[in-house]
Amino acid sequence: MPPKDTTVELLDRENTAASDATRPKKVGFISLGCPKNLVDSEVMMGMLTQAGADLTQRTEDADVIVVNTCSFIDSAQQESVNTILEMAKLKNEGRAQKLVVAGCLVERFRDEIRKNIPEVDAVVGTGELENILRAAGVAPARELNSPFRILTSRSEGDAREAQGRFSREGWDGAIADLPNYLYDETTPRVLATPSHTAYIKIAEGCDHPCTFCIIPQLRGKFRSRRFESVIAEAERLARQGVREITLIGQDTTCYGEDFELKDGLALLLEKLAGIEDLRWVRFLYAYPNKITGRLLETIAAHDKICSYVDVPLQHASASVLKRMKRGCGGDLFLRTIEKMRRTIPDVTLRTSFIVGFPGETKKEFEELCDFVREAQFDWMGAFGYSDQDGARAYGLEKKLPASEIERRRKRLMQIQRQISKKRKKALVGKEFDLVLEGTSEETDLLLEGRTVMHAPEIDGKVLVNDFPEGAEPEFGKFYRCQITEAHDYDLVAKIL
Ligand code: SF4
């Protein structure tokens with residue numbers, strides 16, 4: 001998944017009365033990267049508050065600054081390093097006594113971070129979240145709930161491990177042990193999302209062998225959370241006022257395979273759909289050949305399960321997919337898409353592609369363009385291939401120049417822009433449920449919301465320009481709306 005800047009917004013709980021020596025430590029958190037990283041941030045913030053720390057959204061007021069980093073691709077690494085440097089400057093100028101770096105970048109460059117940025121006082125990898133307390137200098141007020149250490153594994157993961165798939169050899173300073181941490185329903189967590197919506201991480205790690213990706217080395221072998229643990233967390237969140245749950249993991253469609261649960265994701269969705277107070281349940285990051293008929297039928301059968309499938313396909317040319325070690329090809333994908341649309345007629349489809357993979361010929365790229373024209377996705381992201389030291393593709397020949405990669409990426413996005421425009425136009429006049437989320441970032445005169453077609457943070461938006469007279473808009477509340485206008489990606493709606 002593409003990295004997304006998700007700077008955490010937190011309540012600033014002032015404690016001006018207490019003296020410096022006795023007042024709780026104020027911790028400022030910056031969370032970079034994807035929602036999976038955001039959940040890690042929420043867990044660390046939960047542990048810190050349970051131990052008595054205060055959280056602040058003003059890093060200049062913080063005693064401890066934590067940067068939870070992303071290391072997905074070059075640009076994400078660069079953004080992480082820039083943020084750490086910015087915070088190091090703030091530490092030198094301000095009142096912060098500690099700078100802690102957490103997350104994926106730590107798994108990849110553990111020693112180098114501390115060696116090259118002396119302002120960094122401690123690092124916390126993705127498999128040692130509970131160490132945030134020691135790193136931040138916050139003593140646990142009481143014994144922390146013991147983290148759920150995973151004991152299961154999939155035969156695929158075991159086989160890949162034997163083949164050296166998860167090896168970090170050659171990664172300067174990386175600890176040999178792969179992360180095996182997984183939070184559970186008893187782990188404290190402070191939500192950083194608006195109060196009506198929350199992510200639940202149902203699994204961690206990945207066993208797939210995609211040659212462009214280092215996530216398995218960063219996050220470890222695939223492991224699922226216990227079924228009951230996910231349900232218990234969803235029930236708790238619903239009691240707290242959460243109305244939309246988005247299930248995440250590196251690959252949500254493998255959920256339960258490590259404890260031999262067949263159709264685990266479908267079963268989980270079915271059970272979640274039974275939680276009365278939830279309005280929408282959705283999942284992200286499906287692996288194409290794991291989308292089963294049972295999963296699609298489950299989505300179609302329950303109103304609360306969003307008719308929305310996010311399936312990153314990465315490419316459509318069989319030869320490129322073979323080099324990516326993902327298999328399949330455009331024809332098979334088109335059949336899966338056809339099946340999805342047949343089973344769930346109102347389904348919204350999102351995908352993403354990597355453009356300019358080593359050796360991608362003009363013909364292979366054209367195959368991808370033709371596929372995109374034919375598949376008619378509702379949402380699509382395209383990323384230029386980025387070389388990752390440690391990924392198998394790093395050693396491949398025939399790398400494309402950056403300018404050509406960018407040219408192809410833009411061309412693919414241009415094709416999708418036309419498709420999106422057409423598909424959005426077809427929605428004008430139709431009615432949907434919409435969750436109102438706030439005022440528009442562009443102007444206070446417009447409100448903003450999402451429908452079932454819009455997953456949090458990644459898809460276009462719905463601008464609301466007409467609200468019933470005399471009614472007071474309530475953020476986090478669901479309304480019925482009618483689409484009145486369509487742009488390339490965004491929609492305009494009126495509340496009915
Ligand atoms: S499925 Fe492939 S791209 Fe996604 S996390 Fe796993 S190895 Fe990386």
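Whatever order the structure lists ligands and atoms in, that order sets their numbers, starting from 1. Scope of the values below: all heavy atoms of this structure, side chains included, with no hydrogens, waters or symmetry mates. Quick caveat: nothing in here was measured; it's all calculated off a predicted structure.
Atom CD of Glu156 and atom CZ of Phe222 lie 10.0 Å apart (nearest 0.5 Å).
The pair Glu366-Arg411 counts as a salt bridge, with a side-chain nitrogen and a carboxylate oxygen less than 4.0 angstrom apart. Salt bridge Arg189/Asp40: absent, no basic N to carboxylate O contact under 4.0 Å.
Inclusion of Cys210 in the first shell of atom 2 (Fe) of ligand 1 is supported: an N, O or S atom falls under 2.8 Å.
Here Cys328 pairs with Asn289, Leu332, Phe333 under the side-chain contact (heavy atoms from CB on, under 4.5 Å) rule; sequence neighbours left out. Residues forming a ring pair (Phe, Tyr, Trp, His ring centres under 6.0 Å) with Phe227 (at least two apart in sequence, or on another chain): none.
At a 4.0 Å cut-off, not a single heavy atom of Arg219 sits close enough to ligand 1 to count as contact.
Atom numbering of ligand 1 starts at 1 in the shown order; those under 4.0 Å from a heavy atom of Cys213 are 3 (S), 5 (S), 7 (S), 8 (Fe). Counting atoms of ligand 1 from 1 in the listed order, those under 4.0 Å from a heavy atom of Arg326 are 1 (S), 2 (Fe). The Cys206 neighbourhood of ligand 1 comprises atoms 1 (S), 5 (S), 6 (Fe), 7 (S), with distances under 4.0 Å to a heavy atom of that residue.
Residue Phe212 touches ligand 1 through its side chain alone, judged by heavy-atom distances below 4.0 Å.
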